[in-house]
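Data first, discussion second: the structure below is written as structure tokens.
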Amino acid sequence: MGHRLGRGLGGRRGGSRVRRAVARRHAGLIEELRDRALAAADGSGDVRDCLVRPVTAHLTGLGSPTWYARFCAQVMTDPALHEIMVEESLTSPALREAIDGPNRTLPALPGEVRAERGQMVRTLIPHTCAERERALAEGTLTPRATWGEVATGLADAIVGLWPAPVTRAR
């Protein structure tokens, strides 16, 4: 794990409670946004409104500078801390519903391909947001002007990723 995140949140032992509290607080706020998006989508399963936009809307609401996307990217990739994000964020009922909607409309994919692409999406969202957050903190240009535009780009990429052809190993 990055040294700054580890030191800033009390190291591995005491920091786990702090990391969990941070994840829980933000997950709850994102869950509220996702619930509203799901109600507005009325079962359409639109990935733009239900999967991605609640995250970017939350980041917009935090103002600038923010650290939450970078926090998520680090915690999600750390073997000892990954479970915190899974328990606090990825098990939410609204997120499950947002994922299940598009899954129902996808072509049949082998189980391992579906799992792999789900992993790609779980990586793509926080890391794309973390890259924008880092660039904003540095004052450098970003490919998209707003978090809303980032959501559009992410949604487009995800919509293209799920139905991509499946190539069998040779």
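In what follows, residues are counted from 1 in the order of the sequence shown.
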### Query
Which pair of heavy atoms, one from Ala41 and one from Cys50, lies closest together, and at what distance?
CB-SG, 3.7 Å
### Task
Go through the steps for Val166 and Arg117 under the test side chain to side chain contact (heavy atoms under 4.5 Å, CB included), then give the verdict.
CA-CA 11 Å; Val166 176; Arg117 291 186 184 172; 3.8 Å; yes
If hydrophobic clusters are built from ILVMFWY residues whose side chains come within less than 4.5 Å, do [X] and [Y] share one?
X: Met120; Y: Val150; result: yes
X: Leu136; Y: Val52; result: yes
X: Val121; Y: Leu59; result: yes
X: Leu33; Y: Val22; result: no
X: Leu62; Y: Val75; result: yes

### Query
Is there side-chain contact between Ile125 and Thr56, with at least one heavy-atom pair below 4.5 Å?
no
### Task
Please examine the side chains of Cys129 and Trp147, heavy atoms only from C-beta on, and report whether any two atoms are closer than 4.5 Å.
yes
Atom [atom1] in [X], atom [atom2] in [Y]: separation rounded to 0.5 Å?
X: Arg24; Y: Glu31; atom1: CZ; atom2: CD; result: 13.0 Å
X: Arg122; Y: His127; atom1: CZ; atom2: NE2; result: 12.0 Å
X: Glu131; Y: Thr142; atom1: CD; atom2: OG1; result: 11.0 Å

Short side-chain to backbone donor-acceptor contact, [X] and [Y], under 3.5 Å:
X: Thr146; Y: Glu149; value: yes
X: His82; Y: Thr77; value: no
X: Arg34; Y: Val55; value: no
X: Arg53; Y: Ala37; value: no

### Message
Other residues, nucleotides and ligands only: do more than 12 of their heavy atoms fall within 6.0 Å of CD on Gln119?
### Response
no
### Query
Any chance the rings of His26 and Phe71 have centres within less than 6.0 Å?
no
### Option among Glu133, Arg132, His58 that satisfies the side-chain hydrogen bond (donor to acceptor under 3.5 Å, both in side chains) test with Thr66
Glu133
